[in-house]
Structures are given as C-alpha cells and as structure tokens.
Undergrad: 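Before we start, here is the structure in question, set down as structure tokens.
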Amino acid sequence: MKRREAREVAFRLTYEMVMTGSFNQYTKKILLGSADADSINYVDSIIDGITEHKKNIEDIITKYAIGYELNRIYKTDLAVLYLAVYELIYTDTPKAVIANEAVEIIKLYSDTQSYSFVNGILASVIKGECSG
C-alpha cells in the first residue's frame with residue numbers, strides 16, 4: 001500500500017471517529033486488509049497521535065477556522081483537518097505534501113467548495129504554527 005492510500009485509510013478512520021466519537025479497530029482491520037507493516041504502522045501512528053493530541057488539534061482548527069465552531073464544519077472537512085493538522089504539527093512529513101494530499105482527499109469526499117476552505121485553514125496553520 002502506498003503512503004497516499006494509507007493516508008486515505010487514516011482519513012476514513014478519522015471520519016468514523018468524528019461521526020461516532022472513537023476509532024474502531026474492526027474498521028481499521030477491514031480497511032487495511034493485507035497492508036504492509038509500514039502502512040499499518042503509519043495508520044496506527046496517526047490514530048494514536050490524533051487520540052493523544054485531540055484537544056490541541058481542535059484548538060488549532062478552531063483558531064484558524066474563523067467564524068466556524070467545530071460542530072459547524074462539515075464532518076468530512078473536520079476529519080481531514082484532524083489528520084492534516086496532526087501531521088503538520090507532530091510529524092516531519094513535508095508541509096506541502098500534507099496540504100496537497102488533504103486537498104486531494106477532500107476533493108474526493110466532500111463538497112465542491114470544501115477544498116478551498118480546507119486549503120485556507122491549512123495554509124494558515126502552516127504560516128502560524130509551523131514557521132519557527
């Protein structure tokens with residue numbers, strides 16, 4: 001499984017977490033199927049990281065989603081923002097890769113205007129939180 005596919009699995013699991021309140025190990029097993037160890041480790045690290053840093057991630061999203069409460073953001077958009085903000089803040093993955101892949105995922109799964117909303121928030125996060 002390529003990293004992009006693993007990131008999409010992580011997004012789908014995060015979306016389920018947004019909808020239900022928790023990650024589902026059974027869903028993870030189904031989505032990963034016979035994935036290689038690197039993909040499984042990547043997805044596990046994303047799930048563990050979002051779980052551990054959820055409050056901080058929410059604070060960052062709220063800070064840059066000006067005029068939007070978390071509960072007013074489309075659930076698909078919120079899921080990709082959890083994933084991307086986690087990676088931007090807590091991993092060494094190149095920022096442009098994270099933002100680009102988040103936008104590509106949101107183009108597949110959300111409203112036609114959502115990609116500009118997500119891209120704008122991520123650009124602000126990169127400028128405000130990652131420029132150190």
Undergrad: May I ask whether V125 and Y74 are part of the same hydrophobic cluster, defined by side-chain heavy atoms of I, L, V, M, F, W, Y residues being less than 4.5 angstrom apart, directly or through others?
TA: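 No; tracing contacts between hydrophobic side chains, which count when under 4.5 Å, never links both residues.
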Undergrad: Show every donor-acceptor pair shorter than 3.5 Å between a side-chain atom in residues 96-109 and any protein atom, with sequence neighbours excluded, or say none if there are none.
TA:
| from | atom 1 | to | atom 2 | distance (Å) |
| --- | --- | --- | --- | --- |
| E101 | OE1 | R7 | NH1 | 2.2 |
| Y109 | OH | E8 | OE2 | 2.3 |

Undergrad: Quick one: closest heavy-atom pair of D36 and M1, and the distance?
TA: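 That closest heavy-atom pairing would be OD1-N, 2.9 Å.
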Undergrad: Is the side chain of N24 donor-acceptor paired with the backbone N or O of L13 at a distance under 3.5 Å, no angle test?
TA: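 Side chain of N24 to backbone of L13, a donor-acceptor pair under 3.5 Å: no, none is there.
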Undergrad: Pairing donors with acceptors under 3.5 angstrom, does anything connect the side chains of D77 and Y68?
TA: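 No, because no side-chain N or O of D77 sits under 3.5 Å from a partner of the opposite role on Y68.
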Undergrad: How far does CD1 of I46 sit from CG of L83, to the nearest 0.5 angstrom?
TA: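 The CD1 atom of I46 sits 5.5 Å away from the CG atom of L83.
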Undergrad: Taking all atoms of both residues into account, what is the closest heavy-atom pair of A65 and I73, and its distance?
TA: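 Closest pair (atom of A65, atom of I73, distance): CB-CD1, 4.0 Å.
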Undergrad: Using 0.5 Å steps for rounding, measure from the NZ atom of K28 to the CZ atom of R12.
TA: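 If I round to the nearest 0.5 Å, the distance is 15.0 Å.
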Undergrad: Locate the shortest heavy-atom distance separating A84 from L122; write the atom from each residue and the value.
TA: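 Between these two residues, the closest heavy atoms are CB-CD2, 3.7 Å.
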Undergrad: Enumerate the side chain to side chain donor-acceptor pair (under 3.5 Å) contacts for residues 57-67, please, sequence neighbours excluded, ordered by first and then second residue.
TA: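 Qualifying pairs: K55-D59, E58-Y82, K63-E129, Y64-E129.
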Undergrad: Can you see which heavy atom on A10 is nearest to which on V43, and at what distance?
TA: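 So the two residues come closest at N-CG2, 4.4 Å.
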Undergrad: Quick one: side-chain contact (heavy atoms from CB on, under 4.5 Å) partners of E69, sequence neighbours excluded?
TA: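 E69: side-chain contact (heavy atoms from CB on, under 4.5 Å) contacts with N71, R72.
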Undergrad: Count the heavy atoms belonging to other residues, nucleotides or ligands that lie under 6.0 Å from OH of Y42, then report whether that count exceeds 12.
TA: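 Yes, enclosed.
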